[in-house]
Amino acid sequence: MKKLLLFFSILLAITSCNSVKVYNEQITSLHSVEDLHNDIDKVYKQLQKHHPKLYQYTSKTVLDFKFDSLKQAITKPINSRDFYKKLAPVVTHVRQGHVSVGSANKRFTKKETKELKKRKFEFYDLDFEYLNSKLWVKNTHGKDSSIVGNQVVKIEADLASNLVELYKTRFASDGYNTTLHNRFVSKGFSSFYYKDKGFVDSLNVTFKNKDSIFTKTFRRISKEDKKGDTLNDSIALKKPKKKPKPKKLTKAEKKLNRLKNKAKRKYNKKYGYIARRKNYTRNFNFIGQDSAIALMKIRGFTNGNYKKFYNESFTKLDSAKTKNFILDLRDNGGGRISEIDYLYSFLTDKNYQFITESEVNSRVPFLKFLMSNTNSNSLKAIGGLLSPIIAVHNLIKTKKKAGKLYYKFKYSKVNKPNPMHFKGNIYVLINGNSFSASSLISTQLQANKRAVFVGEETGGAYNGTVAGIYKIYELPTSKLKIRMGLMQIEAPQKQTPDGYGVKPNIKITPTIEDRILKRDPELEWVLNDIENQK
């Protein structure tokens, strides 16, 4: 039995290594013009087949022209990375923020991945912000805080501002919104650079601090030794560190540690701990000593036990008789409908319908998601086994009205406010990175005149977005992946003209001086307004 298991383990390792090698050769080889044209046709057909609002912002005539022009522009063989740089800008003309094209990046074997996990790339510690057509270091999670507030002039030989403007052509906001672009490219700059340039061990970055210009090299270093060698250095030359012998614990100490670890896991789950950034998704605290003002910062609606968090937070608000509540949705890219529906129940005093029935292109949208060619064979097998149940469920939930198909979520029913709902004044902080679910809950709050909005127009559209569940399709030749939402998710309220986000009552755009001085102008305005209301 052991020999059989060993044989299969070796076979699996060889197969895995071979598949990685084949994939890497595929994406780096030059693809024929005919094959690339076929990939372009596949992209457009997938969008036409699955996207329920494909021509909402751009007409079929214009999109037909864009895809045909791309085919005409590709006249010689190119590799997958270069194809991505041509395809992504064309797909953005759909003007739907949840439609995106992923670059084909190098894969690593299990052994290589294991070694990479022992190291960190210093460049990824940086948070950026694009203001006044310049890229700035907004924050760092590394040790060198002296570069915070400095302008990034060049990365290797490329001007940073040129890179930003180029990357902004490779993704879309919802509709005609423009505030998303600077914010989104700032937040994901490292990822965009990786998609553009591929895997690197080091980067030379040129900074400007007032009149001083200097260059700093960012390396891939050991996580254990922050001043460790780069990935190319020989690990064998390192002297092994002697690990101190662990202290032998008593039964009582072991039990206490288990209880502490369990409590910590519960806490991290409730607040949504983000290990890479060492912060929390959900944050709540009172401002001042009298508990008259509360601030809730939500970085996303994606992880953790949100019900416990909101129940606990709004119970505190009720007990403290808090009069002013600030909801910070800046840089919140969205997430679960279930979470924003639950949060909204604490912010309204009226019965409400959170979303309408969702337009779809198929009676079985969940099967379309499960059978994406990017899903694992095991997931497809499970989907196949459960397909009769899923199909029946989808058919019950989906119906046709006026020639269109609609899927009915439970959130499209009329719901009651939570008994612990907040009764005081609400302020919402938003910016261009307030997207998807953030925009959806903002639409509800603004349409019902429940809050004062401060900041920038949201990146997500007021009138909804195509999201819900996604199909991710891998192109046969280039191996690029295109992601598209399958459901139109929207609130009952609409605004005209279509294609714009939730706009603030008080428009405030932070400056680089605000960042250097660590000022929060949006929050400051709210606190001043509350003071003036007294």
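Because only heavy atoms are used, hydrogens play no part in the values below, and waters and symmetry mates are left out as well, while side chains stay in. Note that the structure is a prediction, hence the values are computed from the model and not measured.
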Contacts of type side chain to side chain donor-acceptor pair (under 3.5 Å), residue K404, not counting sequence neighbours: none

Go through the structure and list residues passing salt bridge (charged side-chain N to carboxylate O under 4.0 Å, His left out) with K216, not counting sequence neighbours. D144

Side chain to side chain donor-acceptor pair (under 3.5 Å) filter on N448, not counting sequence neighbours, yields Y344, Q444

Contacts of H141 meeting side chain to side chain donor-acceptor pair (under 3.5 Å) (sequence neighbours excluded), chain-then-number -> D127, R277

Would you say Y342 and N311 are linked by a side-chain donor-acceptor pair, where the criterion is simply a distance under 3.5 Å? yes

Filter on side chain to side chain donor-acceptor pair (under 3.5 Å), then keep only pairs touching residues 320-330, sequence neighbours left out; what's left? N324-N425, D328-R330, R330-D520, R330-E522

In terms of ring plane angle, is the pair F121 and F123 parallel, tilted or perpendicular, where the classes change at 30° and 60°? tilted

Taking the ring of F171 and the ring of H181, is the distance between their centroids below 6.0 Å? yes

Salt bridge (charged side-chain N to carboxylate O under 4.0 Å, His left out) partners of E490, counting only residues at least two apart: K494

Taking the six-membered ring for Trp and the full ring for Phe, Tyr or His, determine whether the centres of Y57 and Y176 are under 6.0 Å apart. yes

Sequence neighbours excluded - salt bridge (Lys or Arg N to Asp or Glu O under 4.0 Å) pairs with any residue from residues 163-180: E165-K168, R170-D196

Sequence neighbours excluded, the answer for salt bridge (charged side-chain N to carboxylate O under 4.0 Å, His left out) partners of K503 is none

For the backbone of F453 and the side chain of N505, can you confirm whether one donor and one acceptor N or O come within less than 3.5 Å of each other? yes

Is it the case that more than 12 heavy atoms not belonging to K85 sit under 6.0 Å from its NZ atom? yes

Listed by chain and number, what are the side chain to side chain donor-acceptor pair (under 3.5 Å) partners of Y271, not counting sequence neighbours? E312

Once salt bridge (Lys or Arg N to Asp or Glu O under 4.0 Å) is applied, what residue pairs with a partner in residues 424-437 remain, sequence neighbours excluded? none

Qualifying salt bridge (Lys or Arg N to Asp or Glu O under 4.0 Å) pairs with a residue from residues 447-458, counting only residues at least two apart or across chains: R183-E456

Residue pairs fulfilling salt bridge (Lys or Arg N to Asp or Glu O under 4.0 Å) with at least one residue in residues 390-402, sequence neighbours excluded: E357-K399, E357-K401

